[in-house]
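Scroll down for the structure; my scribbles are underneath it.
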Amino acid sequence: MNKLCLMLSALLLSFTALAQQKQPYIQSLSTDNAWVDSVFKKLNRKERVAQLLMVRAHTDKGKTYEDSIAEVIREEHIGGLVFFQGGPGRQANLTNRYQSISYVPLLIAMDGEWGLGMRLDSTISYPYQMALGAIQDTALIYEMGTEVAKDFKRLGMHINFAPDVDINNNPKNPVINYRSFGDNKYNVAVKAGAYMKGMQDEGILTTLKHFPGHGDTDVDSHKDLPQLKFDRQRLDSLELYPFKELINKGATGVMVAHMNIPVLDNTKNLPSTLSRPIITGLLKNELGFKGLVFTDAMEMKGVVKYFPNGEADVRALIAGNDVLELSENSKRAVKMIRKAIHKGRLSWNQVNNSVKKVLAAKYWVGLNNYKPVDTTEIVTYLNRPEALALKQRLADASVTVLKNDSLLKALDKNKRTALVSLGVTEITGFQGELKNYFTNSTNFIASKIVSLTDIKRMLEELKTYDQVILGIHDYRKRPGSTLDYNNELKLFIAEAAKMNTITVVFANPYTIAGLPGIEQSKTILVNYQNTDEMHKASAKVLTGKMGTSGRLPVNVNSFFKYGDGISFFPVPATVSGQIE
């Protein structure tokens with residue numbers, strides 16, 4: 001009898017635990033929710049519309065700006081905020097202030113594609129998605145998702161406008177590029193899925209972007225309206241693939257891009273954000289998406305160029321969006337939307353359904369039991385050792401060996417070694433990591449505007465060295481597809497590659513295509529971006545402390561294509577040909 005009682009008790013505890021587990025957001029939308037119903041009934045019609053707007057917030061623009069946002073919250077009863085640049089401590093304090101004056105708790109969002117460091121100082125920037133696309137162990141990317149979500153929650157945020165699931169098959173793309181996991185739809189879907197699941201499992205709402213696919217454009221929608229001229233078969237088989245896959249895996253949100261797509265809606269100059277056939281017809285009806293549909297920023301030229309003065313806000317809701325992100329004028333937007341409903345352009349039924357989805361999201365992230373952000377020790381937590389260690393592990397896993405003529409295994413720590421860094425004006429961390437290992441080495445640097453005279457002198461000197469390790473660095477905040485080096489420096493790379501050279505690229509992988517002759521290097525390593533972690537990762541490979549398994553996530557040129565990469569197993573550098 002006692003054994004039976006124990007079994008029944010265990011079973012009861014099991015059922016209780018299951019009942020306490022958070023229901024996925026999408027499933028929660030079909031469940032009755034007393035809190036949602038109660039809040040909804042307390043809102044008047046003006047306040048219901050306002051719940052569908054999220055406005056911009058900063059902590060680096062001073063008190064006058066902060067007070068103006070507080071006034072919008074207090075007077076207009078908006079639904080949420082999108083934080084941009086600033087600092088974590090200041091944001092925590094400001095979040096508490098803003099929540100304390102909000103009629104309904106605010107949904108707080110941020111663009112954090114590579115973590116809080118994308119926007120905030122004193123926080124972690126994980127590798128760009130292009131680097132993540134090279135990683136073969138998706139468990140690492142899932143882990144990154146959980147750590148990013150912990151950071152968001154620690155700052156009182158609920159939505160990450162990530163992951164970016166655009167397939168970047170246009171190297172000249174000015175706005176997506178390194179923000180994409182690559183140009184292979186399967187790789188993009190798998191890596192984005194791991195990142196998404198990590199965040200959602202940790203209780204953060206995610207947003208797939210930029211629907212229906214911004215990867216093959218050469219116009220920045222912040223500045224103008226891009227156009228996709230592909231046929232429906234192409235869109236179905238390529239651009240839409242990651243969205244379909246991740247919607248089926250429970251994505252909580254989708255962000256719609258500002259693009260004109262004639263095959264889906266032939267209305268002249270109509271952005272996809274304002275197209276009912278694209279949002280309601282394709283996204284909701286055909287793909288069956290039930291979660292939150294966000295517009296891209298409604299202040300961008302891609303949407304307001306042809307629909308100014310608030311008309312874009314009205315059309316965005318008519319099209320089927322649930323949340324308007326960053327309207328140019330939130331007060332005007334609410335007024336015009338109510339006027340559109342009065343004229344029969346938009347129904348209260350559609351608006352009310354969106355409001356309930358927003359309130360359900362607030363309930364799902366715990367705003368029904370709102371607690372202020374703990375403002376103590378924030379920076380310490382956001383730089384916790386396990387997160388910093390993960391940042392290094394991700395960098396390590398992304399290193400890609402594109403070519404290896406056995407030079408990696410033949411490196412001799414005592415031979416005369418030239419440690420060269422290009423595109424810089426001072427000795428780099430990469431050179432510092434290698435200097436203590438290669439005891440008979442000399443550092444060389446060359447800026448991106450180095451003179452031809454200095455180039456010739458350095459080439460002649462390099463000929464006297466037994467082995468050359470050449471680092472190519474891009475220090476720009478947004479690493480483009482081409483390096484901003486002068487022609488003399490690019491010619492130097494081609495000449496240096498002919499020597500006994502290992503070339504290490506700390507830049508966007510597309511830059512390799514603009515460096516003819518680089519393929520003559522004995523060995524080529526790609527690190528995707530210029531960070532301390534990437535410097536350490538390549539140094540570990542070159543000194544035999546670590547192997548590599550990264551694979552190129554994009555097609556670069558005829559020499560280097562998607563999926564290229566040589567698995568390299570760690571072998572300590574030799575002394576006079578003998579393994580140490």
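If you're wondering where the values come from, they're calculated on a predicted model, not measured in any experiment.
Contact check on D121 versus R90 returns a salt bridge, with a Lys/Arg side-chain nitrogen under 4.0 Å from an Asp/Glu carboxylate oxygen. Using a cutoff of 4.0 Å between basic side-chain nitrogens and carboxylate oxygens, E66 and K61 are not scored as salt-bridged. Salt-bridge check for R74 with D67: failed, with every basic side-chain N at 4.0 Å or more from each acidic carboxylate O. A salt bridge does not link K301 with D224: every distance from a Lys NZ or Arg NE/NH1/NH2 to an Asp or Glu carboxylate oxygen is 4.0 Å or more. A salt bridge links D111 with K209; the closest basic N to acidic carboxylate O contact falls under 4.0 Å. Checked for salt-bridge contact, E147 and K391 miss the test: no charged N lies under 4.0 Å from a carboxylate O.
Taking CZ of F230 as the start and CG of L264 as the end, the distance is 12.0 Å to the nearest 0.5 Å. Taking CG of N169 as the reference point, atom CG of L238 lies at 5.5 Å (rounded to 0.5 Å). For the atom pair NZ (K22) and CG (D201), the distance works out to 10.5 Å, reported to the nearest 0.5 Å. Separation of atoms CG (L324) and CG (L53) is listed at 5.0 Å; rounding is to 0.5 Å. Atom CD1 in I337 sits 10.5 Å away from atom CZ in R345 (nearest 0.5 Å). Distance check, rounded to the nearest 0.5 Å: NZ of K331 to NZ of K46 gives 6.5 Å.
A donor and an acceptor atom, one from each side chain of N96 and T375, are nowhere located under 3.5 Å apart. Side-chain contact annotation: H214 with S221, donor-acceptor N/O pair under 3.5 Å present. For the residue pair D218 and N173, no side-chain donor N or O sits within less than 3.5 Å of a side-chain acceptor on the partner. Using modelled atom types, one finds no donor on one side chain facing an acceptor on the other under 3.5 Å when comparing Y381 with D374. With hydrogens and angles left out, the side-chain atoms of T380 and E377 include a donor and acceptor closer than 3.5 Å. Between the side chains of T267 and D265, a donor-acceptor pair is found at a separation under 3.5 Å. Remark: the H210 side chain and the D166 side chain contain an N/O donor-acceptor pair separated by less than 3.5 Å. The closest side-chain donor-acceptor pair between N168 and S180, if any, does not fall under 3.5 angstrom. Between the side chains of E76 and S330, a donor-acceptor pair is found at a separation under 3.5 Å.
Judged by distance alone, with hydrogens and angles left aside, the side-chain atoms of T138 form no donor-acceptor pair with the main-chain N or O of I141 at under 3.5 Å. One N or O on the side chain of S272 and one on the backbone of M259 form a donor-acceptor pair closer than 3.5 Å. Within the 3.5 Å criterion, the main-chain N or O of A319 finds a donor-acceptor partner in the side chain of T280. The backbone N or O of I135 lies less than 3.5 Å from a partner atom in the side chain of K191, making a donor-acceptor pair. In this structure, E47 contributes its side chain and N44 its backbone to a donor-acceptor pair below 3.5 Å. For the pair N266 (side chain) and P262 (backbone), a donor-acceptor distance under 3.5 Å is absent. The backbone N or O of A257 sits nowhere less than 3.5 Å from a side-chain atom of D296 that would complete a donor-acceptor pair. Between the side chain of R179 and the main chain of V175, a donor-acceptor pair closer than 3.5 Å is present. Within the 3.5 Å criterion, the main-chain N or O of Y65 finds a donor-acceptor partner in the side chain of S68. Remark: the backbone N or O of I318 is paired with a side-chain donor or acceptor of R276 at under 3.5 angstrom.
Partners of H473 according to the ring-ring contact (aromatic ring centres under 6.0 Å, His included) rule, which considers only residues two or more places apart in sequence or in another chain, are F506, H535. Partners of E143 by salt bridge (charged side-chain N to carboxylate O under 4.0 Å, His left out), not counting sequence neighbours, listed by chain and number: R393. For E299, the side chain to side chain donor-acceptor pair (under 3.5 Å) test picks out R56, with sequence neighbours left out. Every residue two or more places apart in sequence or in another chain was checked for a ring-ring contact (aromatic ring centres under 6.0 Å, His included) with Y306, and none qualifies. Residues satisfying the ring-ring contact (aromatic ring centres under 6.0 Å, His included) test with F289, not counting sequence neighbours, are none. Residues that satisfy the side chain to side chain donor-acceptor pair (under 3.5 Å) test with Q129, not counting sequence neighbours, are absent from this structure.
Using a 4.5 Å cut-off on side-chain heavy atoms (C-beta onward), V355 and L52 make contact. Here the side chains of L359 and Q51 are in contact, with some heavy-atom distance below 4.5 Å. A heavy-atom distance below 4.5 Å is not found between the side chains of M199 and T146. Side-chain contact between L81 and I73: present, with at least one pair of heavy atoms (C-beta onward) separated by less than 4.5 Å. Here the side chains of V293 and I279 are in contact, with some heavy-atom distance below 4.5 Å. F294 is not listed as a side-chain neighbour of V256, based on a closest heavy-atom distance of 4.5 Å or more. M298 places none of its side-chain heavy atoms less than 4.5 Å from the side chain of E325. A heavy-atom distance below 4.5 Å is not found between the side chains of M255 and T295.
Of all non-hydrogen atoms in L29 and A360, the two that sit nearest each other are CD2-CB, 3.7 Å. When all heavy atoms are compared, the tightest approach of K362 to P105 is NZ-O, 2.7 Å. Across all non-hydrogen atoms, the minimal contact from P553 to Y528 is CD-OH, 3.4 Å. In terms of heavy-atom proximity, V188 sits nearest to G182 at CG2-O, 3.5 Å. Across all their heavy atoms, I261 and P212 have their closest contact at CD1-CG, 3.3 Å. Closest approach of A70 and I101 over heavy atoms only: O-CD1, 3.5 Å.
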Intermediate values then yes/no, side chain to side chain donor-acceptor pair (under 3.5 Å), N353 and K357:
CA-CA 6 Å; N353 285 337; K357 285 168 72 174; over 6 Å; no
Between K153 and E202, does the salt bridge (Lys or Arg N to Asp or Glu O under 4.0 Å) criterion hold? Intermediate values first, please.
CA-CA 9 Å; K153 291 193 295 183; E202 195 61 37; 3.2 Å; yes
Does the side-chain contact (heavy atoms from CB on, under 4.5 Å) test come out yes or no for V165 and F211, once each step is laid out?
CA-CA 9 Å; V165 300; F211 186 83; over 6 Å; no
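In this structure, K335 places its NZ atom where only 12 or fewer heavy-atom neighbours from other residues, nucleotides or ligands lie under 6.0 Å away. Environment of CZ in R332: crowded, with over 12 heavy atoms of neighbouring residues, nucleotides or ligands closer than 6.0 Å.
For K356 and F40, the positive end sits near the middle of the six-membered ring, less than 6.0 Å away and at most 45° from its axis. With a 6.0 Å cutoff to the six-membered ring centre and a 45° limit on the axis angle, K185 counts as a cation-pi contact of Y241.
Using the six-membered ring where Trp is involved, Y128 and Y178 have ring planes that are tilted, between 30° and 60° apart. Under the 30°/60° scheme for interplanar angles, the aromatic rings of F84 and H58 are found to lie parallel.
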